[in-house]
J.: 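This is the structure I want to talk about, given as structure tokens.
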Amino acid sequence: MFGEKKENRFVKIVYEGFDKKFTGSIFVFVDTETGVQYVQFSGEGRGGATVLVDREGKPLLREDLIKKPSEP
């Protein structure tokens with residue numbers, strides 16, 4: 001329970017901050033189990049997240065960031 005370090009499932013790959021007129025940030029995260037990318041907006045007391053998709057509406061993947069299951 002305690003002392004056991006669990007690896008994070010999501011990794012941040014992009015961060016963009018806005019100028020002083022508008023306080024907020026955009027982040028892109030990748031789910032390391034599926035490779036699916038998510039965009040998150042936060043700022044001015046609001047926020048939200050959604051899946052990034054391609055032109056055909058399919059989730060954008062980062063297959064290079066998918067972690068292989070540990071071998072027994």
J.: Could you tell me whether the side chain of Ile66 reaches within less than 4.5 Å of the side chain of Thr32, counting heavy atoms only?
T.: no
J.: For the backbone of Ser42 and the side chain of Ser25, can you confirm whether one donor and one acceptor N or O come within less than 3.5 Å of each other?
T.: no
J.: Are Tyr38 and Val14 grouped together when hydrophobic residues (ILVMFWY) are joined by side-chain heavy atoms under 4.5 angstrom apart?
T.: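 No, separate clusters.
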J.: Any chain of hydrophobic side-chain contacts (each under 4.5 Å) joining Leu61 to Val51?
T.: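 Yes; Val51 is reachable from Leu61 via cluster members.
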J.: Once the angle between the rings of Tyr15 and Phe27 is folded into 0 to 90°, is it parallel (under 30°), tilted (30 to 60°) or perpendicular (over 60°)?
T.: tilted
J.: Given side chains that start at C-beta, do those of Ile13 and Gln37 come closer than 4.5 Å, heavy atoms only?
T.: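 They are in contact (side-chain heavy atoms under 4.5 Å apart), so the answer is yes.
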J.: Is there a path of hydrophobic side-chain contacts, each under 4.5 Å between heavy atoms of I/L/V/M/F/W/Y residues, joining Phe10 to Leu60?
T.: no
J.: Considering only heavy atoms from C-beta outward, does the side chain of Glu33 approach that of Lys67 to under 4.5 Å?
T.: no
J.: The criterion is side chain to side chain donor-acceptor pair (under 3.5 Å); which residues satisfy it with Thr34, sequence neighbours excluded?
T.: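 Only Asp31 meet the side chain to side chain donor-acceptor pair (under 3.5 Å) criterion with Thr34.
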J.: Hydrophobic cluster membership, with links at side-chain heavy-atom distances under 4.5 Å among I/L/V/M/F/W/Y: are Leu65 and Leu52 in one?
T.: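 The answer is yes; both residues are in one hydrophobic cluster.
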J.: Can you name the residues that form a side chain to side chain donor-acceptor pair (under 3.5 Å) with Asp54, not counting sequence neighbours?
T.: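 With neighbours one apart ignored, the set is empty.
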J.: Going by the rule salt bridge (Lys or Arg N to Asp or Glu O under 4.0 Å), which residues pair with Glu56 if we only count those two or more places apart in sequence or in a different chain?
T.: Lys58
J.: Following the transitive rule for hydrophobic clusters with a side-chain heavy-atom cut-off under 4.5 Å over Ile, Leu, Val, Met, Phe, Trp and Tyr, establish whether Ile26 and Val36 coincide in one cluster.
T.: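 Not linked; separate clusters.
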